[in-house]
Trainee: 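Dropping a structure here in C-alpha cells format, bear with me for questions.
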Amino acid sequence: MAIRELKVCLLGDTGVGKSSIVCRFVQDHFDHNISPTIGASFLTKTVPCGNELHKFLIWDTAGQERFHSLAPMYYRGSAAAVIVYDITKLDSFQTLKKWVKELKEHGPEDIVVAIAGNKNDLGDIREVPMKEAKEFAESIAAIFIETSARNAVNVEELFQKISKQIPPLENAEVDSNESFKLTRQPAPSTRRCC
Amino acid sequence: MFQLCSKLCRENFVKAQVELKYLNLFAVLVNLFPSWNRFSSHCAGLGGERDSGYDSLRRRMSVLDRLTQTHPVWLLLSVSEEDADRILSRQPPGVFLVRKSTALQRKVLSVRLQEGQSAAPISHVPIRESQYTFSLDRSGISFADLFRLVSFYCISRDVLPFTLKLPEAIASAKTQKELEEVAQLGAGFWDSALCSQRRSSPRPRRPLSRTLSPQRTDRNREVGGRHSSGPLCFVSPLFLRHHQELISSSLGNERDTEQIKLSGKSKPPPPRPPPPRSMPRRRPAPPPPGPPAVTTRPKTMPEPVTVAVKQQQQPPSRRPAPARPSAGTKQTSPAKTATSPSNPPPPRPKKPDLEAHRCHIALDDETIAKALSRAKLPPCQPPPPLPSDVLLENHAGSRRAERGRQRLSDMSMSTSSSDSLEYSQSPGFSLGLAPGPGPLNHQDPVEDTSEDDDDGEEEEEEDYGVGLEADLEMRLRPSFKSRRRRVAVSLGGGSFILPRALKGRFRKVSGMLSSFMTPERRAIKKIAELSRDKSSYFGSLVQDYISFVQENRSCHTTGGDFLQTLRQFLTQMKAYLRQSSELDPPIESLIPEDQIDQVLEKSMHKCVLKPLKGVIEVVLHSFQVNSGTWQRLKENLALAKTKRPQELGVDGAVPPDPLAIEKIRHKFLNMRKMYSPEKKVSLLLRVCKLIYTIMQDNSGRMYGADDFLPMLTYVLAQCDMPELDTEIQYMMELLDPSLLQGEGGYYLTSAYGAMALIKNFQEEQAARVLSSEARNTLHQWHRRRTAQRSAPSVDDLQNFLRVALQDGDSGCTAKTLMVHPYTTTEEVCSLCAYKLKIDDPENFALFLVSEDSRQQLAPDTHPQRIKAELHSRPRPHVFHFLYRRTLDLNLCIPASAVRTGTGTGNGLHEE
C-alpha cells in the first residue's frame, strides 16, 4: 500500500486543547514500534484509507496572539487544517472564524478544513451552541465535529473524516508529496548562473 | 565443514537455543553455496596455486567481477520488453537482462527459458526493492545490490527454473581486456559478432559456477570479487526456517549436477583486480577546450569521446593494466596482495587484545547491555565485523581450526553486538551473518572518520531520543552511533517480552540492517571521488562551481539568494547524476530506487557543501553585517535576553536553568561545525528534545506548541547567539526539500519563527510588522522550495549555454553547449565551429541578441557570466546567443531559434 504523507495543521486559541486532541489521536492506539518523537507539537500517525495509507504529519501551532504571524509557515503546504475551539469559550469560536478567513485568503487551495469543538464533556458550561457551529461549518463546507480529547470522544472520527476528504491520487506518479501539489508552481525555476 | 562450524559455534554461543538457530542458518547458507567447500577440497588437490599468466588472470575474475564489468551489456534499464524478447530469443536458455518495466515501474530480470518450458520463451521476473535490498519476487533472499543478486542467481536458481547464464563471451573471457571489449559494445553486444560467435563455440551450456568457481585460496571470493565487501546476500532467519528444506533440496540437485561437471575441469578463477572505475566508452567529455562533446543532454555527451578514446587505445592512466594485481580502487588495494593467488590466505593482522576482549564480553548474553553501552562511547573502536573468510576458512580443515576459532569469535561478537560497521572495504565474502571486515579492515573506522569528518565533528553524544532517525523521515543514517542506538532500542524496547532466543535473532536482524548501510556509503564515496576527478564531467562541474563560488562571493544580493543558488546547484547535480552514465556502475544497481535520492543528497552535501562551508559562512555573515541586520539582531537579542520566560509567553512549563542553557549553547556551537543541513537539523532536534525534557520535568504532561514555541523563543534569547540566525537560514534553504514536511522541518520552522520574533523584538508593534514581513518572506520561501520539487531538466544546468547556430542558408539551429563560467567567447566560438564543421571559423563570431540589440562579443568575454548578469537583472530580458558570420548582418533570426540561454527566468525571479 502506498503511504501518503499528509501535512495537517492545527490552529486555534491557546488552551482549547489542540495538542490534547492530537495526543489522544496518536496515543490511543499507541504502537510501540513507532519511536517516540521530540515532543507533542509534532506528531505523526498512519491510518489506512481505502487502498492507501495516510500518514498524518500533524503540525501544532502556538495559539497566542503574538505568534499568529507565524501561522503561515505552519499551514503552508498543508493538506488539511484542523481548527479547534473550546465549546465553553465563545472567544475561541470567534478566533476560529478568523482562522477560517485567513485560510481562505492565504491558505493552500483545496485545503481540507475541519472544525472541532473540543471539551464536549463540559456540555453544562457550553457557550457555543452546537447548532451555530455546525451551520457555520456547513456554510464554508468544512468538516464539523464535537470532540472530547479527555474522554476520547470523536477524536478518531475527526481524522477519519479528514482522510475521506483527501482526494485519492489520480496517478501513481504523484506520491507522498501530494500536498505540495496544491501550491506548486507551474514550472521549475531557473536561476542565474553563478 | 558443517561439523567444524557447529563445533565452533558451540564454543561461542553459549545459549543452546540461540546456538541452534545459528547452526541452522549456517547450514543453510553453506547449502546455498555448495560450491565453496566442494571446490575447496577439489582445488586443493589439484594444487591450483601454481598457475600464473592468463590462467591466473582468468581465475581472478569472479562472476561478480564479470557482471560488474560488463553491466553495459546486461543492465539495460531502458530496454523495452519487446526489445528484451528480441535480444534474448536468440540466446541460449539462462541468458538474461535486467531492465526496467515501464508497466510495473520496477526493474525486472528477463530470462530466456528453455524451449517448450513455458508458453512464453522469455520470463520476466520482477525485482523487489525494499528499503535496503534487492530481491527477486517470491524469493526470501535479498541482496545489497543488483550485481550480487544476479551473481547469486548465476550460481543458485532459488526461485528461477534454472541458474542464470552469462553470455559465453563474458563467461569465457580470459582477460580483463576481453571483458572491456564486450562492455564497450554495450547493448550492441547482443547484435555483435562477438556474441554470436561465442555462442556457437563448442562449449555449450557450460555452467558458470564451474567456470568461475573459486580456487582454494580465494574460494570465498567466488562471488565476492571486486566488491568483496561483505555479505553477498541476507537471508531472513524466519524465511530460512520455513524454507530450509525446500532450499536444501533444490540446491541438493544442483550440487549433484555440479559435481558431475566438476570432474571435467578445474581451475576456477579467483578474483581479479578491479577494473577501472568507469568504462572508457562511458567516459565523459573533458571540459572544453578540446574536441568537446556537445549535446543537449549530458547523457549522450560521452558519445563523441568514445571514438576519440578508442582511437587512442585508451590512455593507460585510465585503465590499469590487466596484469597489475593491485590495481583498483585505492581503498582495496592492500587487499589485493592478500588475494594474490600464489599466496596462501593472508595472515590476518592480529586484532588488538582489546577487541578480542570486547568480543567476548559482547558475546555473553548477560552482558549485552554493557557491551552496548560501551559501544556507545565515542572513543571506543567499533568492533570489527565478521571476518569475511571466517566460515570458509574454517572449512579448509582442522589445521586452521585454531585461527578459525578465533575468527568465529570475532564474528559472533559482531553479530551479537550488531555493531557491524563498514564492510565496504572488506576483501572477503561473508555469509551475511554480519558484515565482514577483512584483515585490513582495521582501518575502516579510522578511514571512516577521516572520510566523513562530520561524523567526528558530530561525535558529541547525547540522548536525544530514538525518534530522531524517524524524525528525519525514517531515514536510516549511516553513522555508527545511530546504528548503535537503533540496536539498543530494539533491545531495550523489546527485550522485556522477548525470550532470549528471539532477542538474539533481533540483534541478528539489526546487525544485517546495519550492514546494509554500506552500499550507501560506498555510493557516496564513489560520487565524492567522481566529484574530485576533474576529468569527469561531473567532477569538472562540481570543482568549477566550487571555485566559482569561492572566487565570486559578491555576485549575490542577499544571503538567501546565495543559498538558493547553491541549493539549486545541488538539486541540478542530483538530477544530473541520476541521468548521467558517468557513475559506473549506475547508482540504480547499488541503491534501491527509493533510497537513491537520499544517497545523492548526502553525496552532494559532501561534494559541495563540505568544501564550501567556510565560504558560505563568511558570505552570509557579511550580508548580515552590510545590511545592518547583524547589529539589529544583536540589540534585539540582548533585549530579549533580559526578559523573563513569562514575558515571552511561557506559561507553566519549567524553563531551563543556566546550566541547561549552557548545554544547549554547546550543542548549537557543535551544530555550527557541521556542513550537512540534515545533521544540523538533527542537532537542532536534540536541542528541542532537551527543552521538552526540561519542560515536562517528569510531570508526564504533553506540551504542545502553545507551550513549546514560547519556550524555544526564551531559550534562543538566553543563548544569545546571533550567529544562529544564519545557521537557521542555512538549514531552511539547503535542507533537502523532502524533509521539510517532517519533524525536522517542523522544528526548523519553529526555530525560524522564534528567531524572527526575537529579531523584531524591539519593534513597538512586533506582531504587526512581522506579519507583513515574515509572511512575505515565508510565502516566497515556500514557493521557492516547493517549486524546486519538480526536478530541473538537464538543460537548466548552469554550465550549459544555449546557442543559436546560423550558417548561411542552412537556417538556424539551437544547440546546447557545455560552457563553463570561465570559458571565453573565443573558446565558445571554436566549439561552435567544431560543432557546425565550419571551415572558416575566422569569419564567424558570437553575438548577444536581445529584443532591441545585437552585439558581437569580444573574444575575451565570458558568455556564461554575461548570461548570469542578464539573468540577475530585475526584469529579465529575452536574449540569446547567436553564432554566425560576421558579415551579412541583415539576416533575421527565425523566432523558433530564439531561445534564451537557460530557459526563461520565471520562478525565482518572481521575488
Trainee: If you count the non-hydrogen atoms of other residues, nucleotides and ligands that lie under 6.0 Å from CZ in B:R106, is the total more than 12?
Mentor: yes
Trainee: Would the number of heavy atoms belonging to other residues, nucleotides or ligands and lying under 6.0 Å from CG of B:D651 be above 12?
Mentor: no
Trainee: Closest approach of A:Q64 and B:P710, non-hydrogen atoms and distance?
Mentor: NE2-CG, 3.7 Å
Trainee: With distance as the sole test, does B:Y746 use its side chain to make a donor-acceptor pair with the main-chain N or O of A:D60 at under 3.5 Å?
Mentor: yes
Trainee: For atom NZ of A:K97, decide whether the heavy atoms of other residues, nucleotides or ligands shown that lie under 6.0 angstrom number more than 12.
Mentor: yes
Trainee: For a quick test of reading the model, state the closest non-hydrogen atom pair linking A:Y74 to B:S750 and the distance between them.
Mentor: OH-OG, 2.9 Å
Trainee: Side chain, backbone, both or neither: which part of B:F562 has an atom under 4.5 Å from a heavy atom of chain A?
Mentor: neither
Trainee: Might you point out which heavy atoms bring A:M73 and B:Y752 nearest each other, and give the distance in Å?
Mentor: CE-CD2, 3.1 Å
Trainee: Yes or no on side chain to side chain contact (heavy atoms under 4.5 Å, CB included) for A:F67 and B:L757, after CA distance, side-chain angles and deciding distance?
Mentor: CA-CA 8 Å; A:F67 297 111; B:L757 287 174; 2.9 Å; yes
Trainee: Show the nearest heavy-atom pair for residues A:W59 and B:L740, with the distance to one decimal.
Mentor: CZ2-O, 3.4 Å
Trainee: If you take all heavy atoms of A:T61 and B:A705, which pair is closest and at what distance?
Mentor: C-CB, 3.3 Å
Trainee: Mind ranking A:L10, A:T14, A:D13 by heavy-atom pairs under 4.5 Å with chain B and telling me who comes out on top?
Mentor: A:T14
Trainee: Top residue by heavy-atom pair count (under 4.5 Å) with chain A, among B:T713, B:D707, B:D706?
Mentor: B:D706
Trainee: Mind listing the closest non-hydrogen atom pair of A:S41 and B:G704 along with its distance?
Mentor: CB-C, 3.9 Å
